[in-house]
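Right, one structure below, let's go through it.
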There are 2 protein chains.
Amino acid sequence: MRPLSHPAREDISLTAVLYALSDTYRLEIVRQLASRGELNCSALDIPAAKSTLSHHFKVLRESGLIYSRSEGREHYNSLRRDDLDARFPGLLAAVIQSSEPAFTPALLTEKPSAQG
Amino acid sequence: MRPLSHPAREDISLTAVLYALSDTYRLEIVRQLASRGELNCSALDIPAAKSTLSHHFKVLRESGLIYSRSEGREHYNSLRRDDLDARFPGLLAAVIQSSEPAFTPALLTEKPSAQG
DNA sequence: TTGATTGTTCGATAGTTTTTGAACTGTTGT
DNA sequence: ACAACAGTTCAAAAACTATCGAACAATCAA
């Protein structure tokens, strides 16, 4: 596969970041990366086709919100916290703190039970 | 004209607010409202047709970012700071602080001079 | 009443975004 | 070599968005 492109810190655009965060799926991806750390596509609890997820990851990557590294056949994605905090202090924290789980919140916050 | 609709504080959606802020024109409008207080359309230094501006004000209004009141033939627009701070603490401040003037910055920060 | 002003709404066009299945690239394991 | 797997890219449809001129409504001033 082609190398994935990431903007340099100084090229991260505020409007592009806000736009990327304005989609329910993408905001949920960012939420999960924030709470669960580095994740690959398959690890996400998001109901969508893989081509759809790939599209949203691309938007997040090209906006500068996430960094994707290849390891074997997987892509590990992580938030670019340092770059975002440097460019837009307080923004990421405010967004994450103000957001709510979009899908199957029980699976994300509760431990598995006998009924699970 | 029909009464302008504003969402109640509890109905303000994070993704709608982020989307509204992700447009250069709209972010500039918010910037100017933040620094200059209540303004009507004509008071803005934004190069666009009035129907375009009206559209952007509508998006901002319906997302809950601004409040528009009619007085005579003018509409005065202001930021819904209290509502936004209550719903999304720190978000508006972070966005405004991270943003930069979009158009003719000289006109917004400098006093008129003999050459102006 | 006439005309200027403030802003909304309509209609049209052009461009963008979302979503998906299918095809594809590359990796891992057998 | 072969199949399973992770993820991207392509192509296409549907939906949405931005932009503008024109028409419109409402106010104000002469």
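Below, chains carry the letters A, B, ... as their sequence lines are ordered, and counting in each starts from 1. Because only heavy atoms are used, hydrogens play no part in the values below, and waters and symmetry mates are left out as well, while side chains stay in. Just so we're clear, the structure is a prediction, and the values are computed from it rather than from any experiment.
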Neighbour count above 12 (heavy atom, 6.0 Å) for A:Glu10 CD: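 Atom CD in A:Glu10 is crowded, with more than 12 foreign heavy atoms closer than 6.0 Å.
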CG (B:Asp82) with more than 12 external heavy atoms under 6.0 Å: no
Nucleotide-resolved protein contact map, nucleotides 14-20 of chain D, B/S/- at heavy-atom distance under 4.0 Å: ---SSBB
Rounded off to whole Å, could you give me the [atom1]-to-[atom2] distance for the [X] and [N] pair?
X: B:His75; N: D:dT27; atom1: NE2; atom2: P; value: 10 Å
X: A:Glu71; N: D:dG7; atom1: CD; atom2: P; value: 12 Å
X: A:Asn40; N: C:dG26; atom1: CG; atom2: P; value: 20 Å
X: A:Lys50; N: C:dT20; atom1: NZ; atom2: C1'; value: 12 Å
X: A:Arg69; N: C:dG26; atom1: CZ; atom2: P; value: 20 Å
X: B:Tyr76; N: C:dT5; atom1: OH; atom2: C1'; value: 12 Å
X: A:Leu4; N: C:dT25; atom1: CG; atom2: P; value: 16 Å
X: B:Glu74; N: D:dT27; atom1: CD; atom2: C1'; value: 10 Å

Under 4.0 angstrom between B:Ser42 side-chain N/O and C:dG7 OP1 or OP2: yes
N or O in side chain of A:Arg61 less than 4.0 angstrom from D:dG7 OP1/OP2: no
Short question: side chain of [X], backbone of [Y] - any donor-acceptor pair under 3.5 Å?
X: A:Arg36; Y: A:Leu44; answer: no
X: B:Glu28; Y: B:Ala102; answer: yes
X: B:Ser22; Y: B:Tyr19; answer: yes

Presence of donor-acceptor pair under 3.5 Å, side chain of B:Arg73 and base of C:dT6: no
Minimal non-hydrogen separation, B:Ile29 against B:Leu60, with atom names: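 Closest heavy-atom pair between B:Ile29 and B:Leu60: CG2-CD1, 3.7 Å.
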Qualifying residue, where the test is side chain to side chain donor-acceptor pair (under 3.5 Å) with A:His75 and the options are A:Ser54, A:Ser68, A:Ser70: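 Answer to the side chain to side chain donor-acceptor pair (under 3.5 Å) test with A:His75 among A:Ser54, A:Ser68, A:Ser70: A:Ser70.
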Five-pair end axes of the helix from C:dT1-D:dA30 to C:dT30-D:dA1 and the angle they enclose, rounded to 10°: 20°
Whether A:Tyr25 and A:His56 hold their rings parallel, tilted or perpendicular, with breakpoints at 30° and 60°: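 Perpendicular.
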Pairs flagged by salt bridge (Lys or Arg N to Asp or Glu O under 4.0 Å) wherever residues 83-93 of chain A is involved - sequence neighbours left out: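 Qualifying pairs, neighbours excluded: A:Arg9-A:Asp83, A:Arg80-A:Asp83.
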